[in-house]
*Asks:* 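What follows is a structure written as structure tokens; I'll ask about it next.
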Number of protein chains: 2
Amino acid sequence: MKTTQSSVNISTGSPGNEYLDVFDSTAQSPCLPLLATAIGYKLRRAQLAVFQDFQRSFACVKLRPTEFAVLSLIATNPGQKQTEVAEQLGIKRANFVALMDCLETRGLAERRKGDIDRRSHSLHLTAKGSDFIAEISKLWAQHEKRIIERLGGRRQ
Amino acid sequence: MKTTQSSVNISTGSPGNEYLDVFDSTAQSPCLPLLATAIGYKLRRAQLAVFQDFQRSFACVKLRPTEFAVLSLIATNPGQKQTEVAEQLGIKRANFVALMDCLETRGLAERRKGDIDRRSHSLHLTAKGSDFIAEISKLWAQHEKRIIERLGGRRQ
DNA sequence: TATTGTTATACTCTATAACTATA
DNA sequence: TATAGTTATAGAGTATAACAATA
């Protein structure tokens, strides 16, 4: 199978539902026999349920899934170019600007002018950003644990 | 586990990527160790990849995933109230209006004034709508088959 | 001439409030 | 007064084109 970088985008997800029953494969709604077998439909509802759990979990620190992904990517691979990070997440470089502005304004990450190529910005966490990640790591662990439990058990 | 109706919404999904490598669990990008273990991230990318395949598959008949879901729901349970169908898909009734307008304008589905409660509209397929579903059923089967193959094999 | 980051803009999807007509 | 459908509108997320600075 291909291992080429996909360009799907990871943002979006709206709050509102209380239940993650979409994971319950025994919940064969009599109203959705066609849709219930649709993989994309199941995936979509599962994804939204997980994102909504994320949003509830991280509302206290005002962090969205996309922002989490960006911080996580910068933390893991500091110094990458702005466009590189955007591309890894399937975000257009034009749309990445405001996202990065926000993280920079909050003091969590920063752009540094490239020494060699002065057009590019390399991305780094600030000290505050590192602290922030440490601070939210427990929230993250709890969120993932909750999702795994709903899914039925354990990560393989 | 709860079997309450979830209110997550099924729309959204943007075109653009060529590969569904997000399904390849062996594709552990060295750049995403944190994200690669994030269930929501995996789900989001998988869902987008599936929706993009849907969009490519159904572009020829100009049908979006959400419209497909609505038609499928009306076909399965004709006569339901407009708000009932919207709620089953996690779509706000206000946003369902334009969606239904579109299907009605295309002659695929219709609203009928309720006899008892004249505020409500019951939803039905037209003859053309039934034909349309028959016409696209092969596209649907091919799409699902493609996704299942990418996922690694077979439906349990 | 090509690329990086940026701005501006349009389009889609989603959420809320308020209206109308019925109940 | 409450509900079904509708309208209007605001906010996200996403896509494209075009620009300045740099290569």
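All chains are named by letter (A, B, ...) in the order of the sequence lines, taking the proteins before the strands, and each is independently numbered beginning at 1.
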*Asks:* Which of parallel (below 30°), tilted (30 to 60°) and perpendicular (above 60°) describes B:Trp140 and B:Phe68?
*Replies:*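 It falls in the parallel class, under 30°.
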*Asks:* Nearest to the side chain of A:Lys81, which nucleotide is it out of C:dT4, C:dT14, C:dT12?
*Replies:*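 Nearest listed nucleotide: C:dT4.
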*Asks:* Taking atom P of C:dA15 as reference, at what distance in whole Å does atom CG of A:Leu48 sit?
*Replies:* 9 Å
*Asks:* Indicate, with yes or no, if B:Leu73 and B:Val97 share a hydrophobic cluster defined by side-chain heavy-atom contacts under 4.5 Å among Ile, Leu, Val, Met, Phe, Trp and Tyr.
*Replies:* no
*Asks:* Ring-plane angle category for B:Phe58 and B:Phe54, please: parallel below 30°, perpendicular beyond 60°, tilted otherwise.
*Replies:* parallel
*Asks:* Quick one: is A:Arg118 getting a side-chain N or O under 4.0 Å of the C:dG5 phosphate, OP1 or OP2?
*Replies:* no
*Asks:* Side chain of B:Arg44 only, please: which of D:dT22, C:dA17, D:dT14 is the nearest?
*Replies:* D:dT14
*Asks:* Here's a test for you: under salt bridge (Lys or Arg N to Asp or Glu O under 4.0 Å), which of B:Arg106, B:Arg112, B:Lys113 qualifies with B:Glu110?
*Replies:*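 Single salt bridge (Lys or Arg N to Asp or Glu O under 4.0 Å) partner of B:Glu110 among B:Arg106, B:Arg112, B:Lys113: B:Arg112.
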*Asks:* Would you kindly compare A:Lys113 and A:Arg64 by the position of their nearest DNA chain D nucleotide and give the one closer to the 5′ end?
*Replies:*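 Upstream on the strand: A:Arg64.
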*Asks:* CD of B:Gln82 versus C1' of C:dT22: gap in Å, rounded?
*Replies:*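 One finds 15 Å between C1' of C:dT22 and CD of B:Gln82, rounded.
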*Asks:* From CD of B:Gln55 over to P of D:dT14, roughly how many Å is that when rounded to an integer?
*Replies:* 13 Å
*Asks:* Do B:Arg44 and A:Arg44 come within less than 4.5 Å of each other through their side chains, counting heavy atoms only?
*Replies:* yes
*Asks:* Give a yes/no answer on whether the side chain of A:Arg93 brings an N or O atom under 4.0 Å of OP1 or OP2 in D:dA17.
*Replies:*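 It does not, given that no N or O in the side chain of A:Arg93 lies less than 4.0 Å from OP1 or OP2 of D:dA17.
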*Asks:* Rounded to whole Å, how long is the line connecting atom CG of A:Leu63 with atom C1' of D:dA12?
*Replies:*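 Distance, rounded to whole Å: 16 Å.
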*Asks:* Quick one: A:Phe96 CZ to C:dT7 P, roughly how many Å, whole number?
*Replies:* 15 Å
*Asks:* Whole Å only: how far is the CD atom of A:Glu110 from the P atom of C:dG5?
*Replies:* 15 Å
*Asks:* Return the nearest nucleotide to the side chain of B:Val97; candidates are D:dT6, C:dA15, C:dG5.
*Replies:*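 The nucleotide sitting nearest to the side chain is D:dT6.
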*Asks:* Whole Å only: how far is the CD atom of A:Glu87 from the P atom of C:dG5?
*Replies:*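 Taking CD of A:Glu87 and P of C:dG5, I get 10 Å after rounding.
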*Asks:* Counting heavy atoms from C-beta on, name the nucleotide in C:dT12, C:dG5, D:dA23 closest to the side chain of A:Arg119.
*Replies:* D:dA23
*Asks:* Hey, does A:Leu99 reach any base, or is it just sugar-phosphate, or nothing, if we go heavy atoms under 4.0 Å?
*Replies:* nothing
*Asks:* Between C:dG5 atom C1' and A:His121 atom NE2, what is the distance in whole Å?
*Replies:*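 These atoms are roughly 6 Å apart.
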*Asks:* When we call it a touch if two heavy atoms are under 4.0 Å apart, what does B:Asn95 touch: a base, just sugar-phosphate, or nothing?
*Replies:*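 Base contact.
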